[in-house]
Amino acid sequence: MMASASVRISLLFVAIGLLSLFFADIAITSINPWKDLTALFIGIVTPDFLSLQGMGTALLRTIAFAFTGVALGSVSGFLLALAFRWRVVRMFSAFIRAIHELFWALIFLQFFGFHPLTGVLAIAIPYAGIFAKVYSDILDEVDPTPARVLPAGTSTFSAFLYARVPDALPHLATYTAYRLECGLRSSAVLGFVGLPTLGFYLESSFSQGFYSEVGALLILFYVLIATLRFWARPRLVPFYIIAAPFFLGDGLPIVWGNVVRFFTEDIVPSPIRNGDGIAGLATWLSELTLHEALPGIWNTLVLTQVALVLTGICTLIAFPLISRHFGGPKRRGIGHILLVIARSTPEYMLAYILLQLWGPSMLPAIVALALHNGGIIGHLIGKRSNEIRLRPDAPQGCDRYHYELLPRLYRPFIAFLLYRWEIIMRETAILGILGIYTLGFYVDSAIQNIQFDRAMVLILITASLNILVDTISRRVRQHLKLRTSVTCEGH
């Protein structure tokens, strides 16, 4: 195993992660972090549900934004998937999914304000890009035999509708259901920028030190995710989609003049608006690149690579928790609960909590990214391990882990980790809004200073960086001939 290409690639990533660790700011700056952690733990185990005013409305709006955004994104993504063979469609889909939902929300807030359209589009647009790619992969994997036996003269659309869609439908439905769970997490996180979802109330309670309210909010969110398969049954989903827009709330009226001004003035580089010409634009771009873009890119890359390696470590520790080859049903039940909590807590939400407890540094972001993504991949690898049949004389304990299961699971483990690499990069950039000096920090600062032209350039750089990492990841997977179910893509 040590001589395999997968292991050599792994060692290269570990070396890069360790090197990045020397440049990472991982200090704990809070005065008494253990006291704060203890207070938070006590709040979680003693939740105060009675003090949460407006919580029912927040839950409904969290669900409404998720259903509306995911429905719109899935329909748009399916239409894009039909034309995914065209390069311009692939590039467009890659671009819109490379920009995080919170970045889209920050953009729309500037001209739509706190209108429901801001939250819906912030989810729908990047999800359309994700759906387009995954739906296209699913449709490409469909058995082509039924299309060959259709009568001569059958139109292309009819052939697609009757020969490809029925075979792909179960996989399309499975992935869409998974993306709905992601949509609930995205919807909750939108509350951190002011939209009336669970994240808004969580931030308010945490900033006031009401840890029992924080505990109640987190428990409600976990219950919402854990019970999704019970209340979001397929026959009820059409009803939810029809009803969801009516529970988004009203918000302030949209001033369409602000929309026009944003695209015709606000995002136009200031040297062009001021008539400074090409020379002024070059100076402006040089200053922006030197003082904001390059430091943001560096910190984003450093944090991403450290988080990626720690995610791999967390995965290797986590998957035995739910594997039937280790321990009994009781232990696996506890493991399932731990992994549900880890993968259900959005990175942004977890990083925000840890940042309040440990102070501003890269450490909260690294831990949040590793726990969330390690929980997701650990769950997938754990399920994969349950499909393995061991011989009767298979070793026990650590030997079973090291010599039986890990060699057989290592290639899918690397595949899943590489799939998550670009997603970790997206999350790393957006965590800058919390005060960590990644690209998101400079984007948020520019928006706060009403410098939308600078913010848009930095967002474009963020998207380009994500596309680059996604391209590298895809080529590494192709080089290693790694393949997993396309439904593992996403976040």
Side-chain angles (χ1 to χ4, degrees), residues 29-30 33 36-37 39-44 47-66 69 100-106 108-109 113-116 118-119 122-123 183-225 248-249 251 341 344-361 363-365 367-369 371-372 427-436 438 440-441 443-445 447-448:
T29 58
S30 60
D36 294 333
L37 280 172
L40 176 61
F41 177 76
I42 293 173
I44 291 175
D48 185 3
F49 295 97
L50 298 178
S51 64
L52 296 176
Q53 297 181 354
M55 185 45 52
T57 301
L59 275 171
L60 281 174
R61 287 183 176 169
T62 300
I63 296 170
F65 276 114
H100 193 278
E101 300 92 270
L102 280 182
F103 278 144
W104 284 112
L106 289 173
F108 292 127
L109 277 172
F114 292 104
H115 191 277
T118 294
I123 295 174
L184 288 170
R185 293 198 294 265
S186 298
S187 179
V189 167
L190 290 177
F192 285 89
V193 296
L195 294 172
T197 62
L198 282 171
F200 177 83
Y201 291 87
L202 180 70
E203 182 180 30
S204 176
S205 297
F206 210 110
S207 62
Q208 298 177 72
F210 298 155
Y211 293 134
S212 290
E213 291 187 5
V214 172
L217 288 164
L218 290 175
I219 290 172
L220 283 172
F221 184 69
Y222 295 143
V223 170
L224 183 68
I225 297 292
L248 293 173
I341 292 174
S344 297
T345 308
E347 300 100 315
Y348 190 93
M349 187 182 294
L350 184 55
Y352 173 82
I353 293 172
L354 294 177
L355 200 68
Q356 310 307 309
L357 300 175
W358 295 344
S361 77
L363 182 61
V367 173
L369 289 165
L371 288 178
H372 175 76
E427 296 293 339
T428 296
I430 200 64
L431 290 177
I433 296 177
L434 297 175
I436 304 163
T438 61
F441 173 83
V443 171
D444 189 54
S445 297
I447 290 175
Q448 296 296 329

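A quick note: this is a predicted structure, and the numbers were derived from the prediction, not measured. All heavy atoms count here, side chains included; hydrogens, waters and symmetry mates do not.
In this structure, the side chains of I123 and L190 come closer than 4.5 Å at one or more pairs of heavy atoms. No side-chain heavy atom of L59 sits under 4.5 Å from any side-chain heavy atom of Y201. Residues F210 and D48 are not in side-chain contact: their nearest non-hydrogen atoms beyond the backbone lie 4.5 Å or more apart. Within the 4.5 Å cutoff, the side chain of V189 has no heavy atoms near those of the I430 side chain. With contacts defined as side-chain heavy-atom distances shorter than 4.5 Å, the pair F65/S186 does not qualify. Counting heavy atoms from C-beta on, the side chains of I341 and L218 never come closer than 4.5 Å. Residues L431 and Y352 fail the side-chain proximity criterion, which asks for heavy atoms closer than 4.5 Å. Residues L350 and E347 fail the side-chain proximity criterion, which asks for heavy atoms closer than 4.5 Å.
Note that the OG atom of S361 and the CG atom of L355 stand 7.5 Å from one another [nearest 0.5 Å]. Taking OH of Y348 as the start and CD1 of I433 as the end, the distance is 5.0 Å to the nearest 0.5 Å. Taking CG from L248 and OG1 from T197, the interatomic distance works out to 11.5 Å, rounded to the nearest 0.5 Å. Of the inter-residue distances, the one linking L220 atom CG with I225 atom CD1 reads 12.0 Å to the nearest 0.5 angstrom. Y211 contributes atom OH, which lies 8.0 Å from atom CD of Q356 (distance to the nearest 0.5 angstrom).
Closest approach of G440 to F103, counting heavy atoms only: CA-CZ, 3.7 Å. The heavy-atom pair separating A351 from L434 by the smallest distance is CB-CD1, 3.9 Å. When all heavy atoms of I219 and I44 are compared, the pair lying nearest together is CD1-O, 3.6 Å. G215 and P47 get closest at one heavy-atom pair: C-CB, 4.0 Å. Heavy atoms only, all atoms of each residue included: S205 and E213 are closest at OG-OE1, 2.8 Å. Here the shortest heavy-atom pairing between G249 and P116 reads O-CG, 3.0 Å.
Distance alone, capped at 3.5 Å, is enough to place a donor-acceptor pair between the S445 side chain and the F441 backbone. When atom types are taken as modelled, the side chain of T438 and the backbone of T428 share a donor-acceptor pair closer than 3.5 angstrom. Between the side chain of S207 and the main chain of E203, a donor-acceptor pair closer than 3.5 Å is present. A side-chain donor-acceptor contact under 3.5 Å links H372 to the backbone of T345. Between the side chain of T118 and the backbone N or O of G113, at least one donor-acceptor pair lies under 3.5 Å.
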(request) Walk me through it: do L202 and M349 pass the test side-chain contact (heavy atoms from CB on, under 4.5 Å)? (result) CA-CA 9 Å; L202 180 70; M349 187 182 294; 3.2 Å; yes
(message) Checking R61 against L195 for the side-chain contact (heavy atoms from CB on, under 4.5 Å) test, could you report, in this order, the C-alpha distance in whole Å, the side-chain angles of both residues, the deciding distance, and whether it holds?
(response) CA-CA 9 Å; R61 287 183 176 169; L195 294 172; over 6 Å; no
(request) Carefully, step by step, assess W358 and V367 under the rule side-chain contact (heavy atoms from CB on, under 4.5 Å). (result) CA-CA 11 Å; W358 295 344; V367 173; 3.8 Å; yes
(request) Kindly determine whether F206 and L357 satisfy side-chain contact (heavy atoms from CB on, under 4.5 Å), including the steps that lead there. (result) CA-CA 10 Å; F206 210 110; L357 300 175; 4.3 Å; yes
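Under the 30°/60° scheme for interplanar angles, the aromatic rings of F108 and W104 are found to lie parallel.
Within 6.0 Å of CZ in F41 there are 12 or fewer heavy atoms belonging to other residues, nucleotides or ligands.
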